[in-house]
Amino acid sequence: MWPSALLPAAAVLYPPPASVFVTAMSVVSFASLASAGLSELRGEHMAYSKFWHVVSGQQKPSAGAGGPLLSSRDGMLLAYVPALLAAAASFALPGAVEGLRAQILASALAIHFLKRVLEVLFIHRYSGNMPLNTALPISSSYLLSTITMIYAQHLTVGLPDPSTDLLYIGVLLFVVGIAGNFYHHYLLSQLRKGGDGDKEYKIPRGGLFELVTCPHYLFEITGFFGFAMISQTVYALAMASGTAGYLIGRSFATRRWYKSKFEEFPASIKALVPYIL
(Lines give C-alpha, C1' and ligand atoms only; values in the text may rest on other atoms or scores of the structure.)
Protein backbone atom coordinates (compact mmCIF):
# COMPACT_ATOMS: atom_id res chain seq x y z
CA MET A 1 0.00 0.00 0.00
CA TRP A 2 1.05 3.59 -0.60
CA PRO A 3 1.74 5.86 2.41
CA SER A 4 -0.90 8.59 2.62
CA ALA A 5 1.61 11.30 1.68
CA LEU A 6 2.37 9.45 -1.58
CA LEU A 7 -1.16 8.54 -2.62
CA PRO A 8 -1.01 10.72 -5.79
CA ALA A 9 1.69 8.33 -7.09
CA ALA A 10 -0.89 5.54 -7.05
CA ALA A 11 -2.42 7.11 -10.16
CA VAL A 12 0.62 6.20 -12.26
CA LEU A 13 2.57 3.55 -10.31
CA TYR A 14 1.94 0.13 -8.87
CA PRO A 15 2.25 -0.03 -5.06
CA PRO A 16 5.83 -0.55 -3.86
CA PRO A 17 6.52 -4.30 -3.71
CA ALA A 18 6.94 -6.13 -0.43
CA SER A 19 10.50 -6.98 -1.48
CA VAL A 20 13.56 -5.73 0.35
CA PHE A 21 15.66 -6.62 -2.70
CA VAL A 22 13.66 -4.54 -5.19
CA THR A 23 13.34 -1.64 -2.74
CA ALA A 24 17.09 -1.66 -2.11
CA MET A 25 17.81 -1.90 -5.84
CA SER A 26 15.54 1.09 -6.51
CA VAL A 27 17.50 3.21 -4.05
CA VAL A 28 20.93 1.92 -5.04
CA SER A 29 20.30 2.19 -8.80
CA PHE A 30 19.09 5.76 -8.60
CA ALA A 31 21.78 6.87 -6.18
CA SER A 32 24.67 5.20 -8.03
CA LEU A 33 23.62 6.53 -11.44
CA ALA A 34 23.01 10.04 -10.14
CA SER A 35 26.38 9.94 -8.37
CA ALA A 36 28.06 8.83 -11.62
CA GLY A 37 26.45 11.80 -13.37
CA LEU A 38 27.90 14.17 -10.76
CA SER A 39 31.30 12.52 -11.23
CA GLU A 40 31.08 13.21 -14.96
CA LEU A 41 30.35 16.86 -14.21
CA ARG A 42 33.45 16.98 -12.00
CA GLY A 43 35.59 15.49 -14.76
CA GLU A 44 35.88 12.03 -13.21
CA HIS A 45 35.18 9.65 -16.08
CA MET A 46 34.90 5.88 -16.47
CA ALA A 47 37.78 4.14 -18.23
CA TYR A 48 35.75 3.29 -21.34
CA SER A 49 35.06 6.96 -22.08
CA LYS A 50 37.20 8.96 -24.51
CA PHE A 51 37.13 11.69 -21.85
CA TRP A 52 38.88 9.42 -19.37
CA HIS A 53 42.32 10.30 -20.66
CA VAL A 54 41.56 13.43 -22.71
CA VAL A 55 39.76 15.67 -20.23
CA SER A 56 40.83 14.34 -16.86
CA GLY A 57 44.52 14.09 -17.70
CA GLN A 58 44.64 10.42 -16.70
CA GLN A 59 46.64 7.92 -18.70
CA LYS A 60 45.10 5.57 -21.23
CA PRO A 61 44.09 2.18 -19.80
CA SER A 62 46.94 -0.31 -19.58
CA ALA A 63 47.18 -3.85 -18.31
CA GLY A 64 47.94 -4.06 -14.63
CA ALA A 65 45.82 -2.43 -11.94
CA GLY A 66 42.75 -2.53 -14.17
CA GLY A 67 43.19 -6.21 -14.97
CA PRO A 68 43.59 -7.68 -18.46
CA LEU A 69 42.78 -5.39 -21.37
CA LEU A 70 40.01 -6.10 -23.85
CA SER A 71 39.47 -4.32 -27.11
CA SER A 72 36.78 -1.68 -26.61
CA ARG A 73 34.49 -3.63 -28.95
CA ASP A 74 34.88 -6.83 -26.93
CA GLY A 75 34.44 -4.91 -23.70
CA MET A 76 31.14 -3.42 -24.85
CA LEU A 77 29.92 -6.81 -26.07
CA LEU A 78 30.70 -8.19 -22.62
CA ALA A 79 28.69 -5.31 -21.17
CA TYR A 80 25.55 -5.87 -23.25
CA VAL A 81 25.26 -9.56 -24.18
CA PRO A 82 24.44 -10.93 -20.68
CA ALA A 83 21.55 -8.45 -20.27
CA LEU A 84 20.25 -9.37 -23.74
CA LEU A 85 20.36 -13.07 -22.86
CA ALA A 86 18.61 -12.45 -19.52
CA ALA A 87 15.76 -10.51 -21.17
CA ALA A 88 15.32 -13.19 -23.83
CA ALA A 89 15.57 -16.04 -21.30
CA SER A 90 12.81 -14.54 -19.14
CA PHE A 91 10.26 -15.78 -21.70
CA ALA A 92 11.47 -19.34 -21.17
CA LEU A 93 11.25 -19.16 -17.38
CA PRO A 94 7.79 -20.36 -16.29
CA GLY A 95 5.77 -17.59 -14.64
CA ALA A 96 8.46 -14.92 -15.06
CA VAL A 97 6.61 -12.93 -17.72
CA GLU A 98 2.86 -12.88 -17.08
CA GLY A 99 0.42 -10.60 -18.86
CA LEU A 100 0.68 -8.13 -21.72
CA ARG A 101 2.51 -5.42 -19.78
CA ALA A 102 5.23 -7.81 -18.62
CA GLN A 103 5.58 -9.29 -22.11
CA ILE A 104 5.98 -5.85 -23.69
CA LEU A 105 8.50 -4.80 -21.04
CA ALA A 106 10.66 -7.91 -21.45
CA SER A 107 10.45 -7.56 -25.25
CA ALA A 108 11.46 -3.89 -25.08
CA LEU A 109 14.44 -4.74 -22.86
CA ALA A 110 15.54 -7.48 -25.28
CA ILE A 111 15.19 -5.12 -28.24
CA HIS A 112 17.12 -2.42 -26.40
CA PHE A 113 20.12 -4.66 -25.72
CA LEU A 114 19.94 -6.38 -29.11
CA LYS A 115 20.20 -2.94 -30.71
CA ARG A 116 23.22 -2.17 -28.54
CA VAL A 117 24.93 -5.43 -29.51
CA LEU A 118 24.27 -4.84 -33.22
CA GLU A 119 25.59 -1.29 -32.95
CA VAL A 120 28.78 -2.57 -31.33
CA LEU A 121 29.21 -5.09 -34.15
CA PHE A 122 28.23 -2.96 -37.14
CA ILE A 123 27.89 0.75 -36.29
CA HIS A 124 30.28 2.04 -33.65
CA ARG A 125 33.94 2.68 -34.42
CA TYR A 126 36.50 1.77 -31.76
CA SER A 127 40.16 2.64 -31.37
CA GLY A 128 41.02 1.94 -27.74
CA ASN A 129 40.97 -0.67 -25.02
CA MET A 130 38.87 -1.35 -21.94
CA PRO A 131 40.15 -2.94 -18.73
CA LEU A 132 38.33 -6.14 -17.83
CA ASN A 133 37.77 -4.65 -14.36
CA THR A 134 35.77 -1.87 -16.02
CA ALA A 135 33.79 -4.11 -18.38
CA LEU A 136 32.70 -6.56 -15.67
CA PRO A 137 30.99 -4.01 -13.36
CA ILE A 138 29.21 -2.44 -16.33
CA SER A 139 28.06 -5.88 -17.49
CA SER A 140 26.92 -6.83 -14.00
CA SER A 141 25.02 -3.56 -13.64
CA TYR A 142 23.12 -4.00 -16.91
CA LEU A 143 22.40 -7.65 -16.13
CA LEU A 144 21.17 -6.96 -12.62
CA SER A 145 19.02 -3.99 -13.66
CA THR A 146 17.39 -6.05 -16.43
CA ILE A 147 16.62 -8.94 -14.09
CA THR A 148 15.33 -6.57 -11.41
CA MET A 149 13.06 -4.68 -13.80
CA ILE A 150 11.48 -7.93 -15.00
CA TYR A 151 11.22 -9.27 -11.44
CA ALA A 152 9.66 -6.03 -10.16
CA GLN A 153 7.06 -6.35 -12.92
CA HIS A 154 6.42 -9.95 -11.92
CA LEU A 155 5.68 -8.79 -8.36
CA THR A 156 2.80 -6.61 -9.66
CA VAL A 157 0.75 -9.69 -10.60
CA GLY A 158 -2.46 -9.55 -8.57
CA LEU A 159 -1.97 -5.93 -7.50
CA PRO A 160 -4.49 -3.21 -8.49
CA ASP A 161 -3.48 -1.48 -11.71
CA PRO A 162 -2.64 2.24 -11.57
CA SER A 163 -5.69 4.35 -12.38
CA THR A 164 -3.80 5.96 -15.30
CA ASP A 165 -2.59 3.44 -17.87
CA LEU A 166 0.66 4.64 -19.47
CA LEU A 167 1.47 1.39 -21.30
CA TYR A 168 0.95 2.54 -24.87
CA ILE A 169 2.40 6.00 -24.27
CA GLY A 170 5.43 4.16 -22.92
CA VAL A 171 5.64 2.00 -26.04
CA LEU A 172 5.57 5.14 -28.18
CA LEU A 173 8.31 6.79 -26.12
CA PHE A 174 10.42 3.63 -26.28
CA VAL A 175 10.12 3.44 -30.09
CA VAL A 176 10.95 7.14 -30.50
CA GLY A 177 13.85 6.80 -28.09
CA ILE A 178 15.41 3.73 -29.67
CA ALA A 179 14.97 5.05 -33.23
CA GLY A 180 16.39 8.49 -32.42
CA ASN A 181 19.27 7.00 -30.48
CA PHE A 182 20.16 4.65 -33.35
CA TYR A 183 19.98 7.42 -35.96
CA HIS A 184 22.34 9.69 -34.05
CA HIS A 185 24.71 6.81 -33.29
CA TYR A 186 24.81 6.21 -37.05
CA LEU A 187 25.66 9.88 -37.65
CA LEU A 188 28.48 9.62 -35.10
CA SER A 189 29.85 6.54 -36.84
CA GLN A 190 30.05 8.47 -40.11
CA LEU A 191 32.54 10.86 -38.54
CA ARG A 192 35.13 8.06 -38.61
CA LYS A 193 34.69 6.62 -42.10
CA GLY A 194 38.27 5.44 -42.08
CA GLY A 195 37.21 2.57 -39.82
CA ASP A 196 38.43 1.65 -36.38
CA GLY A 197 41.87 3.05 -37.17
CA ASP A 198 40.50 6.56 -37.76
CA LYS A 199 41.20 8.36 -34.46
CA GLU A 200 40.48 11.93 -35.53
CA TYR A 201 37.60 13.57 -33.65
CA LYS A 202 35.23 15.89 -35.46
CA ILE A 203 32.22 18.01 -34.52
CA PRO A 204 29.10 15.93 -35.27
CA ARG A 205 26.68 17.28 -37.87
CA GLY A 206 23.14 16.43 -38.94
CA GLY A 207 19.95 15.67 -37.07
CA LEU A 208 19.73 17.23 -33.63
CA PHE A 209 23.52 17.55 -33.52
CA GLU A 210 22.86 20.96 -35.06
CA LEU A 211 21.21 21.98 -31.77
CA VAL A 212 22.73 19.84 -28.99
CA THR A 213 25.95 17.96 -28.32
CA CYS A 214 24.31 14.71 -27.24
CA PRO A 215 21.00 14.00 -28.97
CA HIS A 216 21.75 10.27 -28.64
CA TYR A 217 21.64 10.72 -24.85
CA LEU A 218 18.39 12.68 -25.10
CA PHE A 219 16.79 9.81 -27.01
CA GLU A 220 18.25 7.23 -24.62
CA ILE A 221 16.62 9.07 -21.72
CA THR A 222 13.39 9.09 -23.72
CA GLY A 223 13.64 5.32 -24.17
CA PHE A 224 14.24 4.72 -20.47
CA PHE A 225 11.19 6.76 -19.53
CA GLY A 226 9.42 4.59 -22.09
CA PHE A 227 10.45 1.59 -19.96
CA ALA A 228 9.15 3.37 -16.88
CA MET A 229 5.76 4.06 -18.47
CA ILE A 230 5.44 0.54 -19.84
CA SER A 231 6.27 -0.89 -16.43
CA GLN A 232 4.75 1.70 -14.09
CA THR A 233 6.83 0.29 -11.22
CA VAL A 234 8.88 2.27 -8.71
CA TYR A 235 12.04 0.45 -9.80
CA ALA A 236 11.63 1.31 -13.49
CA LEU A 237 11.04 4.96 -12.59
CA ALA A 238 14.12 4.97 -10.34
CA MET A 239 16.22 3.52 -13.19
CA ALA A 240 14.90 6.07 -15.69
CA SER A 241 15.50 8.96 -13.30
CA GLY A 242 18.98 7.76 -12.40
CA THR A 243 19.85 7.21 -16.07
CA ALA A 244 18.68 10.73 -16.85
CA GLY A 245 20.90 12.12 -14.10
CA TYR A 246 23.91 10.19 -15.36
CA LEU A 247 23.43 11.15 -19.01
CA ILE A 248 22.85 14.80 -18.14
CA GLY A 249 26.26 14.73 -16.47
CA ARG A 250 27.85 13.02 -19.47
CA SER A 251 26.25 15.44 -21.91
CA PHE A 252 27.72 18.43 -20.07
CA ALA A 253 31.11 16.69 -19.97
CA THR A 254 30.84 16.03 -23.71
CA ARG A 255 30.00 19.65 -24.49
CA ARG A 256 32.91 20.81 -22.32
CA TRP A 257 35.20 18.42 -24.18
CA TYR A 258 34.15 19.70 -27.61
CA LYS A 259 34.59 23.31 -26.49
CA SER A 260 38.10 22.53 -25.24
CA LYS A 261 39.09 20.69 -28.41
CA PHE A 262 37.50 22.84 -31.14
CA GLU A 263 37.84 26.63 -31.12
CA GLU A 264 35.08 26.83 -33.74
CA PHE A 265 32.56 24.90 -31.63
CA PRO A 266 29.29 26.91 -31.82
CA ALA A 267 28.32 28.49 -28.51
CA SER A 268 24.64 28.16 -29.45
CA ILE A 269 24.75 24.35 -29.27
CA LYS A 270 23.38 23.13 -25.93
CA ALA A 271 24.38 19.95 -24.14
CA LEU A 272 21.20 17.86 -24.19
CA VAL A 273 17.86 19.68 -24.72
CA PRO A 274 17.57 22.05 -27.72
CA TYR A 275 17.54 25.74 -26.70
CA ILE A 276 17.24 24.86 -22.99
CA LEU A 277 19.92 22.65 -21.43
Side-chain angles (χ1 to χ4, degrees), residues 1-3 6-34 79-117 136-175 177-178 220-246:
M1 297 294 293
W2 285 100
L6 298 178
L7 281 178
V12 294
L13 294 174
Y14 284 97
S19 167
V20 174
F21 170 73
V22 174
T23 300
M25 282 296 297
S26 299
V27 174
V28 170
S29 296
F30 173 78
S32 60
L33 286 166
Y80 298 143
V81 168
L84 168 61
L85 295 177
S90 67
F91 287 97
L93 188 64
V97 180
E98 298 183 45
L100 178 63
R101 189 183 296 273
Q103 291 170 358
I104 291 176
L105 176 66
S107 297
L109 287 166
I111 291 169
H112 172 76
F113 285 107
L114 176 61
K115 166 191 164 290
R116 289 193 172 193
V117 167
L136 286 177
I138 296 171
S139 179
S140 299
S141 174
Y142 284 137
L143 175 61
L144 188 57
S145 65
T146 299
I147 292 171
T148 306
M149 196 174 297
I150 293 171
Y151 178 57
Q153 198 66 49
H154 172 73
L155 294 179
T156 66
V157 174
L159 295 178
D161 291 330
S163 57
T164 302
D165 187 354
L166 301 177
L167 174 61
Y168 295 107
I169 297 175
V171 171
L172 177 61
L173 280 184
F174 170 73
V175 171
I178 201 168
E220 181 142 354
I221 292 169
T222 301
F224 266 85
F225 276 100
F227 287 138
M229 291 184 180
I230 291 169
S231 177
Q232 294 189 241
T233 61
V234 173
Y235 177 74
L237 179 60
M239 273 296 299
S241 301
T243 298
Y246 172 60

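- Summarising the geometry, atom CD1 belonging to Ile147 is positioned 4.0 Å from atom CG belonging to Leu143; distances are rounded to the nearest 0.5 Å.
- For the pair Lys115 and Ile178, the tightest heavy-atom approach, listed with the atom from each and the gap, is CD-CG1, 3.0 Å.
- Ala79 and Ile138 make their closest contact through CB-CG2, 3.7 Å (heavy atoms, listed as atom of the first residue, atom of the second, distance).
- The two residues Pro17 and Thr23 have their closest heavy-atom pair at O-OG1, 4.0 Å.
- In this view, Met239 and Ser29, Leu33, Ser145, Met149, Phe224, Tyr235, Thr243 satisfy the side chain to side chain contact (heavy atoms under 4.5 Å, CB included) rule, not counting sequence neighbours.
- Each salt bridge (Lys or Arg N to Asp or Glu O under 4.0 Å) pair with one or both residues in residues 225-234, not counting sequence neighbours, would appear here, but there are none.
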Just distance, no hydrogens or angles: give the donor-acceptor pairs under 3.5 Å from side chains in residues 102-113, sequence neighbours left out.
{"unit_1": "Ser107", "atom_1": "OG", "unit_2": "Gln103", "atom_2": "O", "d": "2.8"}
{"unit_1": "His112", "atom_1": "NE2", "unit_2": "Arg116", "atom_2": "NE", "d": "3.2"}
{"unit_1": "His112", "atom_1": "NE2", "unit_2": "Arg116", "atom_2": "NH2", "d": "3.4"}

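- Separation of atoms CD1 (Ile221) and CG (Leu173) is listed at 12.5 Å; rounding is to 0.5 Å.
- The nearest pair of heavy atoms linking Ala244 to Phe225 is CB-CE1, 4.1 Å.
- Taking CD from Gln232 and CG from Leu166, the interatomic distance works out to 4.0 Å, rounded to the nearest 0.5 Å.
- Residues Ala152 and Val22 come closest through the heavy atom pair CB-CG1, 4.0 Å.
- Considering all non-hydrogen atoms of both residues, Ser90 and Ala96 come closest at O-CB, 3.5 Å.
- Between the side chain of Thr148 and the backbone N or O of Leu144, at least one donor-acceptor pair lies under 3.5 Å.
- With a 4.5 Å cut-off on side-chain heavy atoms, Leu167 and Leu100 count as touching.
- Identified under the ring-ring contact (aromatic ring centres under 6.0 Å, His included) test for residues 151-175, with sequence neighbours left out: Phe174-Phe227.
- In this structure, the side chains of Thr233 and Leu13 stay at 4.5 Å or more apart for every pair of heavy atoms.
- In this structure Asp165 satisfies the salt bridge (Lys or Arg N to Asp or Glu O under 4.0 Å) test together with Arg101, sequence neighbours excluded.
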Pair up each side-chain donor or acceptor in residues 155-164 with any protein partner under 3.5 Å, not counting sequence neighbours, and list the distances.
{"unit_1": "Thr156", "atom_1": "OG1", "unit_2": "Gln153", "atom_2": "O", "d": "2.6"}
{"unit_1": "Asp161", "atom_1": "OD1", "unit_2": "Tyr14", "atom_2": "OH", "d": "2.8"}
{"unit_1": "Thr164", "atom_1": "OG1", "unit_2": "Ala11", "atom_2": "O", "d": "3.4"}

